[in-house]
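When reading the values below, keep in mind they use all heavy atoms of this one structure, side chains included, and skip hydrogens, waters and symmetry mates.
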Amino acid sequence: MFQEFTGREYLKIDIANNFGLDKQDWDVRLDWFDKNEHQLHTLLNKAEEPALFYAAILAWEAAKAGKPSGYPISLDATCSGIQILAALAGDRKAAQICNVVDTGHREDAYVSIYQDMVNKLGDAAKIDRKLTKQAIMTHFYSSTAVPKSVFGEGQLLSIFYDTVRENAPGASEITDTMLAIWDETKLVYEWVLPDNFHVVVKVMGSVTETVHFLNAPFDISYNVNMPIKGGRSLGAHKNHSVDGMIVREMQRRCNYNPEKIQELTKLLDAGAAGRSTHRYQDKLLITLLEHHRHSRFLSARVLDLLDIDNLGLISPALVYDLIHSLPKKPFEVISVHDCWRCLPNYGNDLRRQYNNLLALIAESELLGFIVAQIMNRPMFTINKLDPHLGRDIRNANYALS
């Protein structure tokens, strides 16, 4: 069940997070705050994020005095890269270790995989936890160099890959697929996301030339747009592009225009069915609906484009579902990659919107939509490991924590 908190409780959680307890369960963080409220200022030099810790303390003191502070709490995605891969693949195992679905506790994907390796190795375990984290993180962005530098090229490396695949089979398969579809003749990769954001990635290779200065040779290296063999960047670019779409969708869904939503609701209730196609906004709406037809992901961007003249172009049920998924009140969100900040009273809504976006991705055909474009092939379906993952994602407690 999705846990909700008051604005004051989110401030308590934020203070605990900035002290360094962000990987603990909610109740542990709240309990820590209650036990240490009397000495928060004396703990400043022990906090992992002292500046944010101090700012949050001031916000807490203002809240107790009944004064607005304008201080936004921070909630971070837990291993956002693996979260996205888990949703794209319908990978329940990966989803469990990065809090996309609940296990009852706040999980840490890196610790889970590390601990599994330690358990397999037994007394022979001599692996560094921080280096293992680097190997895991870069593996899901298609790196082989970092895992090799950490584990060598023998049995330890094989155990690493086996453990990663056991914990995240679907996420690992996507990583392998992105390597396999690399085309060594291409100069650029392009794809479009459901909100019509166009991704253009040039293939860049390093060229070295020798120049002479004062009768001495110097090697000068620079990047050139050129086809290369064995490129490994597609997986990272694909993930980053989806990550960027999540940021844009979070902004659209959290900080929507309430007057626009009220207008659309009235038009829908009145049965408005205009089918204008000649205006720019109509053409863009048709494009977004075409992306939805293929990807099964409807961008909230359509809400800004719909009016009495074109509402008949879209199924009313789709618009109703989108409107009903929005928070009751709009609110501002500050995002830095996978860190999200909002005023404390909107913490529940922020977490719900993030969960909903991951669930929508899990229920979509977004992976096939992107891969088909990368390969210049007609749209095809990539089966999910668990097609029912989305319904559990919406109740996840620690996807943002």
Side-chain angles (χ1 to χ4, degrees), residues 79-91 94 109 113 134-153 157-158 160-194 196-208 221-246 291 294-295 297 337 361 364-385:
C79 305
S80 62
I82 303 177
Q83 286 185 336
I84 291 170
L85 290 170
L88 287 170
D91 185 347
I113 295 173
Q134 288 299 313
I136 298 166
M137 186 186 304
T138 54
H139 161 74
F140 285 108
Y141 287 100
S142 303
S143 170
T144 56
V146 175
K148 282 181 182 178
S149 70
V150 174
F151 301 113
E153 298 189 38
L157 185 63
S158 296
F160 167 75
Y161 282 122
D162 289 344
T163 307
V164 168
R165 292 188 179 99
E166 288 167 9
N167 279 271
S172 295
E173 188 172 347
I174 292 176
T175 302
D176 294 340
T177 298
M178 300 311 291
L179 290 172
I181 64 175
W182 181 268
D183 184 343
E184 62 185 41
T185 67
K186 276 197 171 187
L187 288 170
V188 64
Y189 287 91
E190 300 181 55
W191 61 93
V192 181
L193 291 158
N196 206 42
F197 185 93
H198 288 241
V199 180
V200 180
V201 180
K202 290 184 178 180
V203 179
M204 304 300 290
S206 180
V207 173
T208 300
S221 297
Y222 54 94
N223 289 331
V224 175
N225 181 206
M226 58 184 285
I228 62 174
K229 294 182 179 180
R232 297 184 167 274
S233 63
L234 271 181
H237 288 309
K238 176 266 304 162
N239 243 36
H240 291 321
S241 72
V242 176
D243 200 0
M245 186 187 75
I246 289 174
H291 294 334
H294 291 297
S295 70
F297 183 100
H337 179 39
I361 290 171
S364 75
E365 301 292 342
L366 183 57
L367 180 59
F369 180 63
I370 293 173
V371 172
Q373 293 179 75
I374 290 174
M375 298 179 69
N376 294 320
R377 289 180 52 183
M379 175 66 194
F380 56 86
T381 298
I382 298 176
N383 294 328
K384 309 280 186 180
L385 291 183

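For I374, the side-chain contact (heavy atoms from CB on, under 4.5 Å) partners two or more places apart in sequence, or in a different chain, are M178, I181, Y189, W191, L234, I370. For E166, the salt bridge (Lys or Arg N to Asp or Glu O under 4.0 Å) partners two or more places apart in sequence, or in a different chain, are K120. Contacts of F197 classified as ring-ring contact (aromatic ring centres under 6.0 Å, His included), with partners at least two apart in sequence or in another chain: none. For the side-chain contact (heavy atoms from CB on, under 4.5 Å) test, residues two or more places apart in sequence or in another chain that qualify with T138 are S143, V146, P147. Residues forming a ring-ring contact (aromatic ring centres under 6.0 Å, His included) with F297 (at least two apart in sequence, or on another chain): none. Checked against side chain to side chain donor-acceptor pair (under 3.5 Å), H294 has the following partners two or more places apart in sequence or in another chain: E290. With sequence neighbours excluded, no residue forms a side chain to side chain donor-acceptor pair (under 3.5 Å) with D162. Under the rule for a side-chain contact (heavy atoms from CB on, under 4.5 Å), the partners of N223 that lie at least two apart in sequence or sit in another chain are M204, S206. Every residue meeting the ring-ring contact (aromatic ring centres under 6.0 Å, His included) condition with F369, not counting sequence neighbours, appears here in chain and number order: H291. Residues that satisfy the side-chain contact (heavy atoms from CB on, under 4.5 Å) test with A372, not counting sequence neighbours, are F380.
Considering CD1 of I82 and CG of D91, their distance stands at 10.0 Å, rounded to 0.5 Å. In this structure, CD in Q83 is found 10.5 Å from CG in L85, a value given to the nearest 0.5 Å. Between the SG atom of C79 and the CD1 atom of I84 there is a distance of 11.5 Å, given to the nearest 0.5 Å. E184 CD to K229 NZ: the interatomic distance, rounded to the nearest 0.5 Å, is 5.5 Å. Rounded to the nearest 0.5 Å, atoms OG (S241) and CG (L366) are 7.5 Å apart. Between the NE2 atom in H337 and the CD1 atom in I246 there is a gap of 10.0 Å [rounded to 0.5 Å].
Without hydrogens or angle criteria, N225 side chain to K202 main chain gives no donor-acceptor distance under 3.5 Å. Side chain of K384 to backbone of L88: a donor-acceptor contact under 3.5 angstrom is found.
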Given I174 and I382, is the side-chain contact (heavy atoms from CB on, under 4.5 Å) satisfied, shown in steps?
-> CA-CA 10 Å; I174 292 176; I382 298 176; over 6 Å; no
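At a threshold of 4.5 Å between non-hydrogen side-chain atoms, the residues S221 and V207 do not count as touching. Counting only heavy atoms from C-beta outward, the side chains of K238 and V201 never approach each other to under 4.5 Å. Considering only heavy atoms from C-beta on, H198 comes within 4.5 Å of N196 through its side chain. Looking at Q373 and V199, their side chains never come closer than 4.5 Å, going by heavy atoms from C-beta outward.
Of all heavy-atom pairs between S364 and S295, the closest is CB-O, 3.3 Å. Summarising the geometry of I228 relative to G205, their closest heavy-atom pair is CG2-CA, 3.9 Å, with the distance given to 0.1 Å. The nearest pair of heavy atoms linking P169 to L385 is CG-CD1, 4.2 Å. Shown here for Y222 and V224, the closest heavy-atom pair between the two residues is CE1-CG2, 3.4 Å.
Ring geometry for H139 against F160 counts as perpendicular: the plane angle is over 60°, on a 0 to 90° scale with 30° as the lower cut.
Sorted by first and then second residue, the side-chain hydrogen bond (donor to acceptor under 3.5 Å, both in side chains) pairs involving residues 167-183 (not counting sequence neighbours) are D116-N167, D183-T185.
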